[in-house]
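First comes the structure, then the notes that go with it.
All of these numbers come straight from a predicted model, not from anything done at the bench.
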Amino acid sequence: MRALLDPVGFLDPRMPGEIVDRMRTGFRLPEQFGTAMLLVAQEVPAGPVVALAHATPPVEWLMGLEAAGAGRPLCLRLARTLVDLEAVSVSDSARGQGVGHLLVDELVRAYTRKGYEAMLGGIHTHKPHLAPYYEADGFSVLPPGAPLDLEIPIGRIRYPAEPSMRHLVRPLTPRVSYRNGVLHGLLTGR
């Protein structure tokens, strides 16, 4: 697992270990904070893991938003509306076979069934080859360092970006759309 996570290049060096620990312990977020999912692919049952995809609501950002005065009820709603694709990694032996796309597609289906409205993510600017990969999976890829604005019924909320990152965004429901740096239609259907 750690070998699959090393090339992902997390900003927080503890993150790969945390994901491996979640796998070992069957970690679950408290229900009010949404749903975290980790999918793995193996060449054969009980064989080595050749790919993984991990997604979780952006709880850390939402906690900061709450601390800044957004209010707990709104942040809890957003935790069940937005999901962050944290990692997709495929071993060299399984690359080019569509395994990563299958895992992302399954995450999209699972979160759509659960009522989530958009999947977010990020890629490092020093990995420009990943932009077409995620675009092929239906994501829009924002310019380096560009923030993502979330249009919700009470106004706009900014999802900040690091200068070394490019946001990914994919609506999961027809009433949500992305245009020109803004995700429109969130929280309008519930």
If I compare all heavy atoms of [X] with all of [Y], which pair ends up nearest, and what's the gap?
X	Y	answer
Ala161	Ala146	CB-O, 3.3 Å
Gly185	Val176	O-CG2, 3.7 Å
Arg166	Ala131	NH1-CB, 4.0 Å
Thr125	Pro144	CG2-CB, 3.4 Å
Arg179	Ser177	NH1-OG, 2.9 Å
Leu183	Val169	CD1-CG2, 3.6 Å

Using side-chain heavy atoms (C-beta onward) and a distance below 4.5 Å, is [X] in contact with [Y]?
X	Y	result
Leu74	Ile154	yes
Ile123	Met165	no
Leu186	Ile157	no
Tyr116	Pro57	yes

Do any side-chain atoms of residues 98-105 form donor-acceptor pairs under 3.5 angstrom with protein atoms, and if so which ones, sequence neighbours left out?
residue: His101; atom: ND1; partner: Asp137; partner atom: OD1; Å: 3.3
residue: His101; atom: ND1; partner: Asp137; partner atom: OD2; Å: 2.8

Got a donor-acceptor contact below 3.5 angstrom from the [X] side chain to the [Y] backbone?
X	Y	result
Tyr178	Gly181	yes
Arg156	Ile152	no
Glu117	Leu187	yes
Tyr111	Met37	yes

In Å, rounded to the nearest 0.5 Å, how long is the span from [atom1] of [X] to [atom2] of [Y]?
X	Y	atom1	atom2	answer
Ser164	His124	OG	NE2	6.5 Å
Leu62	Arg72	CG	CZ	10.5 Å
Leu65	Cys75	CG	SG	4.5 Å
Leu85	Met119	CG	CE	5.5 Å
Asp84	Glu60	CG	CD	10.5 Å
Ser140	Glu135	OG	CD	7.5 Å

Just by distance, no angles: are the side chains of His184 and Glu151 close enough, under 3.5 Å, to form a donor-acceptor pair? no

Partners meeting ring-ring contact (aromatic ring centres under 6.0 Å, His included) with Tyr159 (sequence neighbours left out): Trp61, His167

Under the salt bridge (Lys or Arg N to Asp or Glu O under 4.0 Å) rule, collect the residues that match up with Glu106, sequence neighbours excluded. Arg109, Arg113

The single option from Leu148, Val83, Leu168 that satisfies side chain to side chain contact (heavy atoms under 4.5 Å, CB included) with Leu120 is Leu148

